[in-house]
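Everything on this sheet refers to the single structure shown next.
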2 protein chains.
Amino acid sequence: MVTSMSDGIEPSTKARESEVIDPRIEALVTELIGRVADKWTMILLEVFEEHGEQRFTQIARLVPDISQKMLTQTLRRMERDGMITRHVHAVVPPRVDYALTPLGSSLSEAFCGVWVWAAANLDRVERAREDFDAR
Amino acid sequence: MVTSMSDGIEPSTKARESEVIDPRIEALVTELIGRVADKWTMILLEVFEEHGEQRFTQIARLVPDISQKMLTQTLRRMERDGMITRHVHAVVPPRVDYALTPLGSSLSEAFCGVWVWAAANLDRVERAREDFDAR
DNA sequence: CGGTATCCGAAAAGATACTG
DNA sequence: CAGTATCTTTTCGGATACCG
């Protein structure tokens, strides 16, 4: 869809739709996918999309399996990538609110299809695994 | 987005949209996302979607950065999950063809939006990072 | 060709303790 | 509360050797 492969000449039997975009762009997109197609990133995007602005501890409660380290790390990276904002309130005890930016929101929407797919195909995958393991 | 409703009563201050789906289903969907939101899985799906049925060595050529080990591993897992088929031809030298199943194809489509997003927002992310690092 | 098996160093994730 | 620092464990990925 987005990748290229700059073949030379061949008439080729198929695979004739996209192709020949700048390999530099290709590499950057792939790097970005590698960054963004991360389990925790996807899950946090989803949490923000569903629950709106949240503070640190609340997020941790909504995602019980994430370690505090990974939560901090993922939030920091998402902030750096422009997905979320981080607002520190000067109160005691401290309060930090995280919220999606429009950019993060748009990515969340792009991932929406994957969530729908997962919910819809859960049982199919389950059965495929059973079939495979039965061999 | 996928999680859902059927809350009981409480008025609550906010966060009144989702909630209270079977936590078992929720956990399974999350596990499946964790499995599927993998860099190499995404990239291999994309390769199959673009280039159709491919044999092992050809895939390796199309994805130069993947190690043989990770390629085998990812293909095996995708086969187990019902995303791809694996056909061994009884010839010498051996020939093994991999191809998307309808299930894999549907996942690939679900991911399509993410690829489009990445290509479209590359520069925005780039600038966000520069801004962040400048602090 | 299309793998599997093994070893190994590097990187990522997890657990725990401490702090402004 | 919202982290950071540190330590341990797991996973990743390259290199190499070997097989049907």
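Values below: all heavy atoms of this structure, side chains included; hydrogens, waters and symmetry mates excluded. The chains referred to below are lettered A, B, ... by the order of the sequence lines, with proteins before strands, and numbering in each begins at 1.
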Atom-to-atom span, CZ of Arg86(B) to P of dC1(C) - whole angstrom:
16 Å
Tell me: CH2 of Trp40(B) to C1' of dG13(D), nearest whole Å?
10 Å
Can you tell me how far P of dG14(C) sits from CG of Asp65(A), to the nearest Å?
9 Å
Will you find, in the side chains of Gln58(A) and Arg61(A), an N or O donor that is under 3.5 Å from an N or O acceptor?
yes
dG3(D) phosphate, OP1 or OP2, under 4.0 Å from Tyr98(A) side-chain N/O
yes
So, does Thr57(A) get its side chain near the phosphate of dA2(D), meaning an N or O under 4.0 Å from OP1 or OP2?
yes
Report yes or no: does Asn121(B) contribute a side-chain atom to a donor-acceptor pair with the main-chain N or O of Arg124(B) at less than 3.5 Å?
no
Atom CD1 of Ile59(A) and atom P of dC1(D) are separated, to the nearest Å, by 14 Å
Atom-to-atom span, NZ of Lys69(A) to P of dT16(C) - whole angstrom:
13 Å
Gap separating the SG atom of Cys112(B) from the CH2 atom of Trp117(B), nearest 0.5 angstrom
14.5 Å
Could you check whether any side-chain N or O of Ser108(A) sits under 3.5 Å from a backbone N or O of Gly104(A), counting only pairs where one atom can act as donor and the other as acceptor?
no
Side chain of Gln68(B), base of dG14(D): donor and acceptor closer than 3.5 Å?
no
Round to a whole Å and report the spacing from CD of Gln73(B) to P of dC12(D).
6 Å
Pick base, sugar-phosphate or nothing for Pro94(B), based on heavy-atom distances below 4.0 Å to the nucleic acid.
base
Between atom CZ in Arg61(B) and atom P in dC1(C), what is the gap in whole Å?
8 Å
Arg95(A) side chain N/O closer than 4.0 Å to the phosphate oxygens (OP1, OP2) of dA2(D)?
no
Value in whole Å for how far the C1' atom of dG14(D) lies from CG of Leu71(B):
14 Å
